[in-house]
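Read through the structure below, which is laid out as structure tokens, and then see the notes.
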Amino acid sequence: MNINASIIDQRLASVIDNIRQQASEELRIRDEAKLKSLSFVYLCVKTILDLEDEQTFDCLTEGGGDFGVDAMHISEEHDGEFTVSLFQAKYKNNLEVNSNFPEEGIESLINAIKYLFNPTARLDYINQRLLAKVEEARSLIRDGYIPQIRALACNNGLKWNSSAQEAIDRAGFGDQATWEHVNHDRLVNILQASKPVKDTLQLSGKAIIEDMSFSRVLVGRISVTEIASLIARHGERLLERNIRRYLGLQGNRVNEGIRDTLNSEERNNFYFYNNGITLTCDKFAYNGLQDRNYPVRVENLQIINGGQTCMTIFKTLQEPNLFQKILPQDTQAYVLLRLYELPSDNINLVQKITYATNSQNPVDLKDLRANDERQQRLEINIQQLGFNYRRKRSETSAKSTDISSGVAAEAVLSIWREKPHQAKFFSREHFGKLYDSIFTESLNGAQVVLAVQLYRIAENRRKRPESQDPDFIRYASCFIAMQMGRRLLHDLQIKMNDISHLNFHHAQKLIEQNGEAYFNHAVQDIQLALESLYGSNEISLQQLSATFRRGDLIDKLQQIKIN
């Protein structure tokens, strides 16, 4: 029995317990064998994309009419492109891991890519969860955004065979689709990321070492081959504190530029073209009697900026067709390296450095804001109301009284800031550019909890729509929540800034008594706003997705008088 396969099999038992009820309610999956298969998909999505529990489950599309796509995730659009991750999982109870990912599974993913991202292709038999996501992607395509597809074939065995690879090559997707194999070994490697990295870095040339305020700094030069070897030895364990997930070579212009430079006569200039990498460690040591080419021993090494560069270098040097040009013998590529030895007890300093070196990038900064004074204050304030504010990631399953900072941001931005389109489609900025407008100094725990309770009513209906619900339910939860918030304030006869612990319990009772009525009235508001915008014309799912993404309805909704 393979030990890593056994570890994943054991982990699935706890995943099954965590998702059993939701799987029954939303996907009608109750059979134990199907639950185990679903749990494996869930684990793959959560681990690879690093999502929270609710976001992970929302990606699942398993069921009849799923085109062989067990899960689908759409990133936000950026620089004219967006990334779609398609997961297909095949789990075997035989833990000998001697089976290849099936060829028919690859064929079904190829067909899915051909049909799902062609806005003119008819989809006669497709389940509603997948359809909502596909039409969202198609609406982005119609708006001129280019999809970059990430196909992830997941199993607890071996990679697909050469015949399946030939099918991928024949499909002719080129650089627009990347294919990845995810199995027990990769999952365990990521899950064990907390294990400290001890290693030796071989620097090239001279370096500067200086002591600064109980910390030490080393600035030097390291070859790309040394970086590739480091990644090969430790993989994603080096990226635990790094907040950027690897975006792949294709569909990311920066990473493509790195690859192209490394495979060109400009390789010698790579040092000048790249911003370099930043690493932290608990301790580093070197031979001070040398004047150059230091081997530097490091303990608890982490890449906090430049993870994209390192992973792209590693992937590039793995490709057999690269470095085929005849170049001078001394042609080598180097990267600027900044190594900080920081006090092990000063986690806050590490977080601040990580934030400062990454904040210019459009990334999810939620983890780095976790120790922000406003987040800590909300945690205390919300706890006094009988709820638990999860400002940091947690592996424990969420309870009904738990509120994650990500959900809080989406709810507050939708309801009290009245920007539901930004809440749904600009999540990467919730803890970046939008942070100060969401988490203002005056935001209190009562406002957060009430917003989340309204938001959850709308979200639960989006996930489990009733037969009589209009099509826009799957796209409009943040808009519905906004209208529900307006009705709550009307019944309280106060403004949002007046919500506090003093009137919190009264507001909670109103939500318990009138939550469903608030929801139904909000749906009627949306219907009126759509009619005002489109008249009596039939609205396609692609139009609906685009309408809610752009926020065309906000002005129309704000004109509706609340009775």
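Below, each value reflects all heavy atoms present in this structure, side chains not excepted, and no hydrogens, waters or symmetry copies.
Applying the side chain to side chain donor-acceptor pair (under 3.5 Å) test to H234 and every residue at least two apart in sequence or in another chain returns D199. Applying the side-chain contact (heavy atoms from CB on, under 4.5 Å) criterion to L158, with sequence neighbours excluded, gives N100. In this structure E136 satisfies the side chain to side chain donor-acceptor pair (under 3.5 Å) test with no other residue, sequence neighbours excluded. Under the rule for a side chain to side chain donor-acceptor pair (under 3.5 Å), the partners of R30 that lie at least two apart in sequence or sit in another chain are S24. Remark: Y91 engages F40 in a ring-ring contact (aromatic ring centres under 6.0 Å, His included) (not counting sequence neighbours). Residues forming a side-chain contact (heavy atoms from CB on, under 4.5 Å) with K419 (at least two apart in sequence, or on another chain): L413, H421, Q422. Partners of N520 according to the side chain to side chain donor-acceptor pair (under 3.5 Å) rule, which considers only residues two or more places apart in sequence or in another chain, do not exist here.
Looking at heavy atoms from C-beta onward, L123 lies in side-chain contact with R138 at the 4.5 angstrom threshold. Side-chain contact between N156 and L187: absent, with no pair of heavy atoms (C-beta onward) separated by less than 4.5 Å. Side chains of I277 and N305 form no contact here, defined as non-hydrogen atoms less than 4.5 Å apart. By the 4.5 Å heavy-atom criterion applied to side chains, I110 and W179 are counted as neighbours. In this structure, the side chains of P147 and L140 stay at 4.5 Å or more apart for every pair of heavy atoms. Considering only heavy atoms from C-beta on, E466 stays 4.5 Å or farther from I473 through its side chain. Residues Q165 and D169 meet the side-chain proximity criterion, which asks for heavy atoms closer than 4.5 Å. In this structure, I227 and F314 have side chains that are not in contact, with every pair of non-hydrogen atoms separated by 4.5 Å or more.
Applying the salt bridge (charged side-chain N to carboxylate O under 4.0 Å, His left out) rule to pairs touching residues 63-78 yields E76-R428, sequence neighbours excluded. For residues 448-477, no pair satisfies ring pair (Phe, Tyr, Trp, His ring centres under 6.0 Å), with sequence neighbours left out. Screening residues 473-484 for salt bridge (charged side-chain N to carboxylate O under 4.0 Å, His left out), with sequence neighbours left out, gives no hits. The ring pair (Phe, Tyr, Trp, His ring centres under 6.0 Å) analysis of residues 102-156, with sequence neighbours excluded, yields no pairs. Listed by first and then second residue, the ring pair (Phe, Tyr, Trp, His ring centres under 6.0 Å) pairs involving residues 148-177 amount to none (not counting sequence neighbours).
For K92, the NZ atom sits in a loose shell: 12 or fewer heavy atoms of surrounding residues, nucleotides or ligands are nearer than 6.0 Å.
The shortest heavy-atom contact between S6 and L95 is CA-CD1, 4.1 Å. Across all their heavy atoms, L35 and A23 have their closest contact at CD2-CB, 3.8 Å.
A salt bridge is absent between R129 and E62; no separation between the charged side-chain nitrogens and carboxylate oxygens falls under 4.0 Å. A salt bridge is absent between E25 and R20: the closest approach of a Lys/Arg side-chain nitrogen to an acidic carboxylate oxygen does not fall below 4.0 angstrom. Ion pairing between D469 and R461 holds under the 4.0 Å rule for side-chain N and carboxylate O. A salt bridge is defined here as a Lys NZ or Arg NE, NH1 or NH2 lying under 4.0 Å from an Asp or Glu carboxylate O, and R462 with E459 meets this definition.
Paired with S139 under the rule side-chain hydrogen bond (donor to acceptor under 3.5 Å, both in side chains), one option of R549, Q542, Q543, R550 passes, and it is R549.
To the nearest 0.5 Å, atom CG of residue L27 and atom CZ of residue R464 are 10.0 Å apart.
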Chi angles and distances behind the side-chain contact (heavy atoms from CB on, under 4.5 Å) call for R186, N189: CA-CA 5 Å; R186 183 172 178 188; N189 190 37; 5.5 Å; no
